[in-house]
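Data first, discussion second: the structure below is written as structure tokens.
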Amino acid sequence: MSAPLFLVESLPTADQLTLGGPEGHHAATVQRLRVGEELLLADGRGGTASAVVTAVGRGSLDLEVTSRGYVDAAVPRLVVVQGIAKGDRGELAVQAMTEVGVDEIVPWAASRSVAQWRGDRGARAREKWVATAREAAKQARRSWLPVVAGAPDESTATVARRIAGAAATFVLHEEARERLTTVELPAAGEIVLVVGPEGGIAPAELTAFTEAGARPVRLGPSVLRTSTAGVAALSVLATRLGHW
């Protein structure tokens with residue numbers, strides 16, 4: 001089994017350090033790591049450090065760094081514009097998409113989104129997505145932590161501007177004729193996937209996105225939930241781009 005990963009603000013420059021705070025508590029108290037066991041530290045920006053436990057404290061670990069490394073960011077960059085969903089479906093989508101390799105998630109205030117992120121509620125909802133992405137990245141042993149954009153969400157007009165600057169954008173739509181499995185993909189830049197909320201993407205939104213340069217595509221004959229469409233599409237892209 002691979003060594004567990006813990007996220008730190010910055011990687012240690014010295015060979016000895018103490019891992020404290022929430023990550024130290026999780027390592028020492030929850031995972032119960034012991035002297036001699038190995039773990040991986042990551043800064044969420046590609047930097048990594050392998051370390052071995054030399055002592056266990058109350059909610060902390062003393063570590064000795066054994067090696068350092070760096071993982072290049074994936075190319076092209078994969079961005080998912082995720083329509084805000086009700087309940088925990090958005091968080092389920094964030095978790096699964098992080099595990100399969102999304103680089104950025106953009107919460108989108110679609111016209112058919114049942115849930116609305118406004119004021120403090122919106123800030124709290126976005127922070128849940130951030131926390132979910134962080135924990136999923138640790139579980140997946142990812143050196144790069146996905147970015148969750150939005151303040152806290154993005155409008156259709158803002159998404160359209162993002163699309164205009166992307167190398168390619170694909171809108172998942174059940175009535176599309178082209179398939180994501182066969183469309184031409186760019187070798188670099190940013191690929192944006194647009195996933196609608198439970199009620200789907202409104203015609204005016206689809207028009208705005210296609211006018212900005214997006215192409216409607218479908219995955220297959222089935223209509224997927226908003227919580228699974230993004231991860232299915234990312235799986236297709238990861239395979240076709242050779243990330244997997």
Side-chain angles (χ1 to χ4, degrees), residues 74 76-117 125-126 128-129 132-133 135-137 139-140 142 146-150 153-154 156 159-160 162-163 166 168-185 190-210 212-244:
R77 193 165 183 267
L78 301 179
V79 178
V80 174
V81 175
Q82 175 68 53
I84 295 173
K86 64 181 179 181
D88 64 353
R89 291 179 183 176
E91 292 166 44
L92 291 173
V94 169
Q95 180 185 53
M97 291 190 296
T98 299
E99 291 176 1
V100 300
V102 71
D103 295 300
E104 183 174 352
I105 302 167
V106 180
W108 169 37
S111 63
R112 293 178 177 174
S113 289
V114 176
Q116 299 293 319
W117 288 8
R126 181 186 176 278
K128 284 185 178 180
W129 282 28
T132 299
E135 291 307 309
Q139 175 65 35
R142 287 193 55 175
V147 175
V148 178
D153 53 15
E154 301 288 4
T156 297
V159 172
R162 179 69 176 266
I163 289 171
T169 298
F170 304 107
V171 181
L172 301 184
H173 198 276
E174 61 188 273
E175 296 179 2
R177 295 187 177 183
E178 285 191 288
R179 292 180 181 269
L180 186 59
T181 53
T182 58
V183 293
E184 184 177 354
L185 301 177
E190 186 172 275
I191 297 177
V192 177
L193 286 169
V194 180
V195 180
E198 295 94 332
I201 297 173
E205 294 169 334
L206 183 61
T207 298
F209 295 158
T210 54
R215 296 168 64 179
V217 297
R218 64 185 303 160
L219 291 169
S222 302
V223 178
L224 302 182
R225 290 178 180 271
T226 186
S227 56
T228 55
V231 68
L234 285 169
S235 300
V236 171
L237 292 180
T239 302
R240 293 193 59 198
L241 294 168
H243 293 181
W244 285 9

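Only this structure's heavy atoms are used, side chains among them; waters, hydrogens and symmetry mates stay out. Throughout, residue positions are numbered sequentially from 1 according to the sequence presented.
Separating the CD atom in Glu190 from the CG atom in Leu78 is a distance of 9.0 Å, to the nearest 0.5 Å. Taking OG1 of Thr228 as the reference point, atom CZ of Arg89 lies at 9.5 Å (rounded to 0.5 Å). Thr169 OG1 to Arg215 CZ: the interatomic distance, rounded to the nearest 0.5 Å, is 11.0 Å. Rounding to the nearest 0.5 Å places CZ of Arg218 at 10.5 Å from NE2 of His173.
In this structure, the side chain of Glu198 engages the main chain of Lys86 through a donor-acceptor pair within 3.5 Å. Using modelled atom types, no side-chain atom of Asp103 and backbone atom of Val79 make a donor-acceptor pair closer than 3.5 Å. Proximity of a side-chain donor or acceptor of Thr226 to a complementary backbone N or O of Gly196 within less than 3.5 Å is detected.
Using a 4.5 Å cut-off on side-chain heavy atoms (C-beta onward), Val147 and Arg77 make contact. Side-chain atoms of Ser227 and Gln95, non-hydrogen and from C-beta on, never get closer than 4.5 Å to each other. Arg142 is listed as a side-chain neighbour of Thr98, based on a closest heavy-atom distance under 4.5 Å. Using a 4.5 Å heavy-atom cutoff, the side chains of Leu172 and Leu224 are not in contact.
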Go through the steps to decide whether Leu185 and Leu237 satisfy the test side chain to side chain contact (heavy atoms under 4.5 Å, CB included), and finish with yes or no.
-> CA-CA 9 Å; Leu185 301 177; Leu237 292 180; 3.8 Å; yes

Go through the steps to decide whether Arg162 and Glu154 satisfy the test side chain to side chain contact (heavy atoms under 4.5 Å, CB included), and finish with yes or no.
-> CA-CA 10 Å; Arg162 179 69 176 266; Glu154 301 288 4; over 6 Å; no

Assess whether side chain to side chain contact (heavy atoms under 4.5 Å, CB included) is satisfied between Arg240 and Val183, documenting all intermediate values.
-> CA-CA 10 Å; Arg240 293 193 59 198; Val183 293; 4.0 Å; yes

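Closest of all the heavy-atom pairs between Thr210 and Thr207 is OG1-O, 3.0 Å. In terms of heavy atoms, Pro146 sits closest to Ala137 at CD-CB, 4.2 Å. Considering all non-hydrogen atoms of both residues, Ile163 and Ala214 come closest at CG2-N, 3.9 Å. In terms of heavy atoms, Ala74 sits closest to His243 at CB-CE1, 3.9 Å. What you find for Trp117 and Pro107 is that their closest heavy atoms are CZ3-CB, 3.5 Å.
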For a quick test of your reading: what N or O donor-acceptor pairs under 3.5 Å do the side chains of residues 108-116 make, sequence neighbours left out?
residue	atom	partner	partner atom	Å
Trp108	NE1	Thr156	OG1	3.1
Ser111	OG	Glu205	OE2	3.0
Arg112	NH1	Gly199	O	3.2
Ser113	OG	Ile84	O	3.0
Ser113	OG	Ala110	N	3.4
Gln116	OE1	Arg118	NH2	3.4
Gln116	NE2	Ser113	O	2.8

